[in-house]
Amino acid sequence: MDIHEHQAKALLADFGVPVPDGGLAFSPEQAVYHARRLGLPVVVKAQVHAGGRGAAGGVKFCRTEAEVAALATGLLGKRLVTKQTDAQGKPVHRVWVEAATNIAQELYLGLVLDRKSERIMIVASREGGIEIEDLAEQRPEALLRMVIDPAVGLTDFGSRELAFGLGLKGAQVAQMGQVLRGCYRAFRDRDAIMVEINPLVITGAGDLVALDAKMSFDTNALFRRPEVAALRDPGQEDPREDAAAEHGLSYVGLDGDIGCIINGAGLAMASMDMIQLAGGKPANFLDIGGGASPERVVAAFRTVLADGNVSVVLVNIFAGINRCDWVAKGVVQAYRELGLTLPVVVRLAGTNVEEGRAIIASSGLPLISADTLAEAAAAAVRARPRMAA
């Protein structure tokens with residue numbers, strides 16, 4: 001789960017990370033009020049769950065109240081398209097008005113869950129303000145990395161070593177230790193999977209300030225972090241993903257036209273690759289999970305069909321915990337209950353596969369059966385209407 005910049009800053013500030021003063025505005029009038037309270041000039045930032053806001057016009061320096069009002073009017077109620085969003089962009093329902101900072105240098109600081117080492121990893125660089133992915137690809141030597149041993153935690157020695165690596169001196173070394181400890185504690189104590197400050201700036205006075213902040217959290221841990229769950233903004237999420245989650249489904253929308261209903265993340269990824277190999281494009285990732293009842297299969301169909309671009313549905317089930325006969329009953333029920341007219345390709349394997357195939361065959365419905373993943377993907381591509389192919 002992602003949160004907004006202003007929420008991440010407030011959370012990090014609770015752990016001692018220095019952040020600029022600012023105010024949240026839901027209207028141009030509120031934005032002007034905060035600008036007047038903070039004192040001009042200010043920076044107005046669109047609050048969306050996506051990076052690249054500055055290049056898309058979502059972050060601007062304003063010298064007058066008229067500029068603040070005009071920018072807030074132009075952002076609020078609109079959709080901001082950045083290189084990290086799809087063509088539809090993200091809706092802007094709030095802006096953050098922040099006191100302008102005298103920037104002498106920009107640094108990068110990020111904490112991520114490194115799955116290879118199974119540890120929290122700190123990534124830092126003297127070159128902040130740019131996309132870390134680009135820097136990692138073009139100049140990997142510019143990145144400093146430090147893995148934190150959970151049995152020891154973040155040590156003062158490690159913090160100083162990282163600060164020296166960033167070229168910090170004097171009081172800045174101690175300040176960096178404070179920032180690192182705050183980020184680490186926020187990461188650990190709030191079940192985060194990512195904390196990013198980009199840029200972490202050195203001001204003209206020589207102080208460290210988190211000028212931007214992003215945080216992502218482990219959705220599976222939200223049950224024990226109600227204070228984090230309360231920060232969720234459903235308006236920034238795909239409504240189909242929310243609907244799917246209510247039924248225990250894992251769904252991610254894509255830009256293709258072949259809807260996928262599959263059990264198991266690995267099989268889902270393999271199925272999407274096979275669809276691409278066959279010349280098609282998947283419309284989504286959807287994992288129905290284990291123990292899929294006919295009702296859950298129907299819910300999966302509803303979720304997939306909520307995407308108007310879907311022209312054919314591929315059901316690919318390798319049953320272990322699942323049972324092929326349950327899934328087959330769900331497919332037949334969905335076809336009849338939802339009044340489907342588009343092609344549906346069904347590939348079943350595993351537990352009770354013969355019973356499942358018999359249900360499909362005896363349904364009297366124009367369902368397309370396949371024995372292997374490759375056959376199913378090819379059949380789905382062939383079944384698309386000509387105009388979608």
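In what follows, every heavy atom counts, from backbone to side chain, and hydrogens, waters and symmetry copies are set aside.
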Neighbour count above 12 (heavy atom, 6.0 Å) for Tyr33 OH: no

Any side-chain donor-acceptor pair under 3.5 Å between His49 and Asp233? no

With a 4.0 Å cut-off, would you call Glu355 and Arg323 a salt bridge? no

Can we say Arg145 and Asp114 salt-bridge, meaning some charged N sits less than 4.0 Å from an Asp/Glu carboxylate O? no

Electrostatic pair Lys60-Glu67, nearest N-O below 4.0 angstrom: no

Could you check whether Lys45 pairs with Glu98 (Lys NZ or Arg NE/NH1/NH2 to Asp/Glu carboxylate O, under 4.0 Å)? yes

Under the 3.5 angstrom rule, does the side chain of Ser311 hit a backbone N or O of Arg384 as a donor-acceptor pair? no

For the CG atom of Leu367 and the CD1 atom of Ile360, what is their distance to the nearest 0.5 Å? 5.0 Å

Does Asn263 use its side chain to pair, donor to acceptor, with the backbone of Phe318 at less than 3.5 Å? yes

Any chance the side chains of Thr203 and Asn102 put a donor and an acceptor closer than 3.5 Å? no

N-O pairing of Arg225 and Asp218 below 4.0 Å: no

Hey, could you give me the CG/CZ distance between Leu249 and Arg296, rounded to the nearest 0.5 Å? 6.0 Å

Please check: side-chain N/O of Ser216 versus main-chain N/O of Ile193, any donor-acceptor pairing under 3.5 Å? no

Quick one: does Glu106's side chain have a donor or acceptor within less than 3.5 Å of a partner on Pro199's backbone? no

Note, Val173 side chain near Phe164 side chain (heavy atom, < 4.5 Å): yes

Check whether any side-chain N or O of Arg53 sits under 3.5 Å from a backbone N or O of Ala46 as a donor-acceptor pair, and report yes or no. yes

Lys/Arg-Asp/Glu bridge criterion (N-O < 4.0 Å) met for Asp255, Lys281: yes

Under 4.0 Å between a side-chain nitrogen and a carboxylate oxygen: does that hold for Asp14 and Arg190? no

What's the separation between atom CZ in Phe301 and atom CG in Leu338, rounded to the nearest 0.5 Å? 8.0 Å

Is it the case that the side chain of Thr82 and the backbone of Gln84 share a donor-acceptor pair, with hydrogens and angles ignored and the cut-off at 3.5 Å? yes

Whether over 12 other heavy atoms sit under 6.0 Å from Glu227 CD: yes

Do any N or O atoms from the side chain of Gln172 and from the backbone of Gly206 form a donor-acceptor pair under 3.5 angstrom? yes

Main-chain N/O of Cys260 paired with Asn284 side-chain donor or acceptor, under 3.5 Å: yes

Angle between ring planes, His6 versus Trp96, binned at 30° and 60°: parallel, tilted or perpendicular? parallel

